[in-house]
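See below for the structure under consideration.
Residue numbers begin at 1 in each chain, while the letters A, B, ... track the order of the sequences.
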There are 2 protein chains.
Amino acid sequence: MFKELDPLLHSQLRLAVMSILISVESAEFTVLKEKTNSTAGNLSVQLDKLSEAGYITIDKSFKGKKPLTTCKVTNKGINAFEEYVNTLKEYIKK
Amino acid sequence: MFKELDPLLHSQLRLAVMSILISVESAEFTVLKEKTNSTAGNLSVQLDKLSEAGYITIDKSFKGKKPLTTCKVTNKGINAFEEYVNTLKEYIKK
DNA sequence: TAAATTAGTTTATATTATAAACTATTTTAC
DNA sequence: GTAAAATAGTTTATAATATAAACTAATTTA
(Lines give C-alpha, C1' and ligand atoms only; values in the text may rest on other atoms or scores of the structure.)
Protein backbone atom coordinates (compact mmCIF):
# COMPACT_ATOMS: atom_id res chain seq x y z
CA MET A 1 0.00 0.00 0.00
CA PHE A 2 2.61 2.56 1.04
CA LYS A 3 5.79 2.45 -1.01
CA GLU A 4 9.17 3.34 0.53
CA LEU A 5 10.01 7.03 0.53
CA ASP A 6 13.58 7.46 -0.74
CA PRO A 7 15.39 8.25 2.52
CA LEU A 8 17.88 10.42 0.68
CA LEU A 9 15.13 12.79 -0.34
CA HIS A 10 12.96 12.45 2.75
CA SER A 11 15.07 14.97 4.63
CA GLN A 12 14.07 18.59 4.97
CA LEU A 13 17.36 20.12 3.93
CA ARG A 14 18.19 17.71 1.12
CA LEU A 15 14.67 18.04 -0.24
CA ALA A 16 14.92 21.83 -0.17
CA VAL A 17 18.26 21.68 -1.99
CA MET A 18 16.86 19.38 -4.65
CA SER A 19 13.79 21.56 -4.96
CA ILE A 20 16.00 24.54 -5.75
CA LEU A 21 18.35 22.70 -8.08
CA ILE A 22 15.47 21.23 -10.09
CA SER A 23 14.51 24.70 -11.27
CA VAL A 24 17.88 26.31 -11.98
CA GLU A 25 20.83 25.61 -14.22
CA SER A 26 23.17 25.52 -11.23
CA ALA A 27 23.51 27.03 -7.77
CA GLU A 28 26.42 28.14 -5.63
CA PHE A 29 26.98 26.88 -2.11
CA THR A 30 26.39 30.32 -0.65
CA VAL A 31 23.10 30.70 -2.51
CA LEU A 32 21.88 27.30 -1.36
CA LYS A 33 22.90 28.18 2.17
CA GLU A 34 20.94 31.40 2.08
CA LYS A 35 17.85 30.00 0.36
CA THR A 36 17.60 26.99 2.65
CA ASN A 37 18.52 28.99 5.71
CA SER A 38 20.92 26.27 6.81
CA THR A 39 24.30 26.27 8.52
CA ALA A 40 27.32 25.75 6.29
CA GLY A 41 28.27 22.56 8.12
CA ASN A 42 24.90 20.93 7.73
CA LEU A 43 24.67 21.97 4.08
CA SER A 44 28.14 20.66 3.33
CA VAL A 45 27.29 17.25 4.76
CA GLN A 46 23.95 16.99 2.96
CA LEU A 47 25.42 18.08 -0.38
CA ASP A 48 28.02 15.34 -0.04
CA LYS A 49 25.29 12.78 0.52
CA LEU A 50 23.36 13.92 -2.54
CA SER A 51 26.56 13.86 -4.53
CA GLU A 52 27.51 10.36 -3.36
CA ALA A 53 24.07 9.17 -4.39
CA GLY A 54 24.65 10.65 -7.84
CA TYR A 55 21.71 13.02 -7.47
CA ILE A 56 23.86 16.14 -7.91
CA THR A 57 27.32 17.07 -9.12
CA ILE A 58 29.54 19.35 -7.09
CA ASP A 59 32.14 21.44 -8.81
CA LYS A 60 34.84 23.04 -6.68
CA SER A 61 36.75 25.89 -8.22
CA PHE A 62 37.88 29.37 -7.24
CA LYS A 63 36.42 32.83 -7.67
CA GLY A 64 39.70 34.73 -7.49
CA LYS A 65 41.25 32.98 -4.53
CA LYS A 66 38.02 32.19 -2.68
CA PRO A 67 36.61 28.70 -2.99
CA LEU A 68 33.54 28.43 -5.17
CA THR A 69 31.31 25.39 -4.88
CA THR A 70 28.71 24.97 -7.59
CA CYS A 71 25.96 22.33 -7.63
CA LYS A 72 23.85 20.90 -10.41
CA VAL A 73 21.15 18.26 -10.33
CA THR A 74 21.76 15.16 -12.49
CA ASN A 75 19.26 13.18 -14.54
CA LYS A 76 19.35 10.53 -11.85
CA GLY A 77 18.52 13.22 -9.33
CA ILE A 78 15.61 14.51 -11.38
CA ASN A 79 14.21 11.00 -11.74
CA ALA A 80 14.60 10.28 -8.04
CA PHE A 81 12.86 13.54 -7.20
CA GLU A 82 9.96 12.76 -9.53
CA GLU A 83 9.54 9.33 -8.05
CA TYR A 84 9.75 10.66 -4.52
CA VAL A 85 6.99 13.14 -5.30
CA ASN A 86 4.79 10.46 -6.86
CA THR A 87 5.27 8.16 -3.91
CA LEU A 88 4.63 10.96 -1.47
CA LYS A 89 1.36 11.82 -3.17
CA GLU A 90 0.01 8.44 -2.11
CA TYR A 91 0.63 9.45 1.48
CA ILE A 92 -0.88 12.90 1.35
CA LYS A 93 -3.91 12.38 -0.85
CA LYS A 94 -7.25 12.13 0.89
CA MET B 1 11.40 30.56 1.57
CA PHE B 2 11.12 27.00 2.89
CA LYS B 3 8.98 26.68 6.00
CA GLU B 4 9.69 24.05 8.66
CA LEU B 5 8.20 20.64 7.98
CA ASP B 6 6.50 19.42 11.17
CA PRO B 7 8.99 16.77 12.33
CA LEU B 8 6.23 14.72 13.87
CA LEU B 9 4.68 14.20 10.49
CA HIS B 10 7.87 14.11 8.44
CA SER B 11 8.40 10.45 9.27
CA GLN B 12 7.45 7.69 6.89
CA LEU B 13 5.57 5.54 9.38
CA ARG B 14 3.83 8.33 11.27
CA LEU B 15 2.81 9.95 8.00
CA ALA B 16 1.39 6.64 6.74
CA VAL B 17 -0.55 6.20 9.97
CA MET B 18 -1.97 9.72 9.75
CA SER B 19 -2.79 9.18 6.10
CA ILE B 20 -4.88 6.15 7.00
CA LEU B 21 -6.56 7.71 10.04
CA ILE B 22 -7.55 10.81 8.10
CA SER B 23 -9.86 8.74 5.91
CA VAL B 24 -11.47 6.38 8.41
CA GLU B 25 -13.57 6.71 11.54
CA SER B 26 -11.01 4.71 13.54
CA ALA B 27 -8.45 1.95 13.02
CA GLU B 28 -7.22 -0.93 15.14
CA PHE B 29 -3.55 -1.45 15.94
CA THR B 30 -3.47 -4.69 13.95
CA VAL B 31 -4.98 -3.00 10.90
CA LEU B 32 -2.49 -0.13 11.04
CA LYS B 33 0.30 -2.64 11.42
CA GLU B 34 -0.80 -4.55 8.36
CA LYS B 35 -1.55 -1.53 6.17
CA THR B 36 1.73 0.20 6.99
CA ASN B 37 3.69 -3.04 6.86
CA SER B 38 5.50 -2.11 10.07
CA THR B 39 6.72 -4.06 13.05
CA ALA B 40 4.57 -3.92 16.17
CA GLY B 41 7.38 -2.32 18.17
CA ASN B 42 7.96 0.49 15.76
CA LEU B 43 4.25 1.12 15.36
CA SER B 44 3.71 1.17 19.11
CA VAL B 45 6.42 3.81 19.58
CA GLN B 46 5.20 6.00 16.72
CA LEU B 47 1.57 5.83 17.85
CA ASP B 48 2.65 6.99 21.29
CA LYS B 49 4.43 9.97 19.75
CA LEU B 50 1.39 10.95 17.72
CA SER B 51 -0.75 10.55 20.80
CA GLU B 52 1.56 12.64 22.99
CA ALA B 53 1.44 15.37 20.36
CA GLY B 54 -2.36 15.27 20.53
CA TYR B 55 -2.64 14.26 16.89
CA ILE B 56 -4.46 11.01 17.65
CA THR B 57 -6.26 9.37 20.54
CA ILE B 58 -5.51 5.81 21.55
CA ASP B 59 -8.16 3.73 23.21
CA LYS B 60 -7.08 0.53 24.92
CA SER B 61 -9.78 -2.00 25.67
CA PHE B 62 -10.31 -5.73 25.27
CA LYS B 63 -11.88 -7.90 22.63
CA GLY B 64 -12.74 -10.81 24.89
CA LYS B 65 -9.50 -11.10 26.81
CA LYS B 66 -7.19 -9.93 24.01
CA PRO B 67 -6.00 -6.35 24.10
CA LEU B 68 -7.61 -4.09 21.53
CA THR B 69 -5.96 -0.79 20.66
CA THR B 70 -8.03 1.62 18.61
CA CYS B 71 -6.76 4.90 17.13
CA LYS B 72 -8.56 8.00 15.92
CA VAL B 73 -7.21 11.21 14.48
CA THR B 74 -8.06 14.41 16.38
CA ASN B 75 -8.93 17.83 15.00
CA LYS B 76 -5.47 18.97 15.95
CA GLY B 77 -4.09 16.04 13.99
CA ILE B 78 -6.17 16.89 10.94
CA ASN B 79 -5.02 20.50 11.03
CA ALA B 80 -1.38 19.51 11.45
CA PHE B 81 -1.67 17.12 8.53
CA GLU B 82 -3.22 19.80 6.31
CA GLU B 83 -0.49 22.24 7.18
CA TYR B 84 2.20 19.68 6.63
CA VAL B 85 0.81 18.95 3.18
CA ASN B 86 0.62 22.64 2.31
CA THR B 87 4.16 23.24 3.46
CA LEU B 88 5.40 20.18 1.63
CA LYS B 89 3.84 21.37 -1.60
CA GLU B 90 6.24 24.30 -1.59
CA TYR B 91 9.10 21.82 -1.63
CA ILE B 92 7.79 19.55 -4.35
CA LYS B 93 6.30 22.01 -6.81
CA LYS B 94 8.32 22.83 -9.87
C1' DT C 1 48.82 44.23 11.32
C1' DA C 2 45.12 42.65 14.25
C1' DA C 3 40.24 41.66 13.94
C1' DA C 4 36.53 40.31 11.41
C1' DT C 5 34.50 38.09 7.36
C1' DT C 6 34.01 34.55 3.75
C1' DA C 7 33.71 29.89 2.21
C1' DG C 8 33.75 26.12 3.34
C1' DT C 9 35.11 20.97 5.99
C1' DT C 10 35.47 17.80 9.80
C1' DT C 11 33.94 16.03 13.87
C1' DA C 12 31.05 15.54 17.87
C1' DT C 13 26.43 15.35 19.69
C1' DA C 14 21.65 14.96 20.10
C1' DT C 15 17.63 13.04 18.03
C1' DT C 16 15.17 9.58 15.55
C1' DA C 17 13.70 5.51 13.49
C1' DT C 18 13.67 0.85 13.89
C1' DA C 19 13.91 -3.82 15.33
C1' DA C 20 15.03 -7.13 18.91
C1' DA C 21 13.78 -8.88 23.03
C1' DC C 22 10.28 -9.27 26.24
C1' DT C 23 5.32 -9.83 28.65
C1' DA C 24 0.95 -11.74 28.94
C1' DT C 25 -2.70 -14.01 27.25
C1' DT C 26 -4.94 -17.47 23.89
C1' DT C 27 -5.37 -20.85 20.58
C1' DT C 28 -3.88 -25.12 18.37
C1' DA C 29 -2.01 -29.73 18.21
C1' DC C 30 -0.83 -33.88 20.10
C1' DG D 1 -4.17 -31.52 29.70
C1' DT D 2 -0.11 -29.47 28.48
C1' DA D 3 3.63 -28.07 25.24
C1' DA D 4 4.20 -25.23 21.20
C1' DA D 5 2.78 -21.66 18.42
C1' DA D 6 0.21 -17.48 17.67
C1' DT D 7 -1.81 -12.87 18.97
C1' DA D 8 -1.41 -8.25 20.66
C1' DG D 9 1.04 -5.56 22.15
C1' DT D 10 5.33 -2.82 25.25
C1' DT D 11 10.02 -1.81 26.58
C1' DT D 12 14.59 -1.32 25.58
C1' DA D 13 18.75 -1.37 22.84
C1' DT D 14 20.94 -0.09 18.57
C1' DA D 15 21.86 1.90 14.29
C1' DA D 16 21.19 5.75 11.42
C1' DT D 17 20.42 10.68 10.80
C1' DA D 18 20.29 15.48 11.18
C1' DT D 19 22.47 19.23 12.94
C1' DA D 20 25.58 22.47 14.88
C1' DA D 21 30.00 23.41 16.98
C1' DA D 22 34.60 23.69 16.25
C1' DC D 23 38.01 24.10 12.97
C1' DT D 24 40.95 25.56 8.48
C1' DA D 25 42.54 28.77 5.27
C1' DA D 26 42.36 32.64 2.83
C1' DT D 27 40.66 37.62 2.37
C1' DT D 28 38.97 41.97 3.47
C1' DT D 29 38.44 45.83 6.63
C1' DA D 30 39.79 49.07 10.16
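Side-chain contact check for A/Glu82 and A/Asn86: no donor-acceptor pair (N or O, by modelled atom type) lies under 3.5 Å. Residues B/Tyr84 and B/Asn79 have side chains that never bring a donor and an acceptor to within less than 3.5 angstrom of each other.
Closest approach to the B/Leu13 side chain among C/dT9, C/dT18, C/dA17 is made by C/dT18 (side chain taken as heavy atoms from C-beta onward). Side-chain proximity of A/Pro67 to the nucleotides D/dT19, C/dA7, D/dA8 is greatest for C/dA7.
A/Glu4 places its CD atom 12 Å from the C1' atom of C/dT18, with the value rounded to the nearest Å. B/Gln46 has its CD atom 13 Å from the P atom of D/dT10, to the nearest Å. Distance, B/Leu5 CG to C/dT15 C1': 17 Å, rounded to whole Å. What separates NE2 of A/His10 from P of C/dT15 is a distance of 19 Å, to the nearest Å. Rounded to an integer number of Å, the gap from CZ of A/Phe29 to C1' of C/dT6 is 11 Å. Distance B/Ile58 CD1 to D/dA8 C1': 14 Å, rounded to the nearest Å. The distance between atom CG of A/Leu47 and atom C1' of C/dT9, rounded to the nearest whole Å, is 12 Å. B/Lys66 places its NZ atom 12 Å from the C1' atom of D/dG9, with the value rounded to the nearest Å.
Contact annotation: A/Arg14 does not reach the phosphate of D/dT17 (side-chain N/O to OP1 or OP2, under 4.0 Å). Residue A/Thr69 places at least one side-chain N or O closer than 4.0 Å to OP1 or OP2 of C/dG8. Taking side-chain N and O atoms only, B/Thr30 has no distance below 4.0 Å to OP1 or OP2 of D/dA8. Close to C/dA17, at under 4.0 Å from its OP1 or OP2, lies a side-chain N or O of B/Ser11. OP1 and OP2 of C/dT18 both lie 4.0 Å or more from every side-chain N or O belonging to B/Thr39. At D/dT17, none of the side-chain N or O atoms of A/Lys49 fall inside 4.0 Å of OP1 or OP2 (strictly under the cut-off).
To the nearest 0.5 angstrom, A/Ile78 atom CD1 is 14.5 Å from A/Glu83 atom CD.
For the pair B/Val45 and A/Val45, nearest-nucleotide mapping onto DNA chain C gives the more 5' position to A/Val45. Along DNA chain D, the nucleotide closest to B/Leu68 and the one closest to A/Leu8 are compared, and the more 5′ of them pairs with B/Leu68. Nearest-nucleotide positions on DNA chain C for B/Asn42 and A/Asn42 put A/Asn42 closer to the 5' end.
Between A/His10 and B/His10, the angle of the ring planes stays under 30°, which puts this pair in the parallel group of the 30/60° scheme.
Taking a cutoff of 4.0 Å between a charged side-chain nitrogen and a carboxylate oxygen, A/Lys72 and A/Glu25 qualify as a salt bridge.
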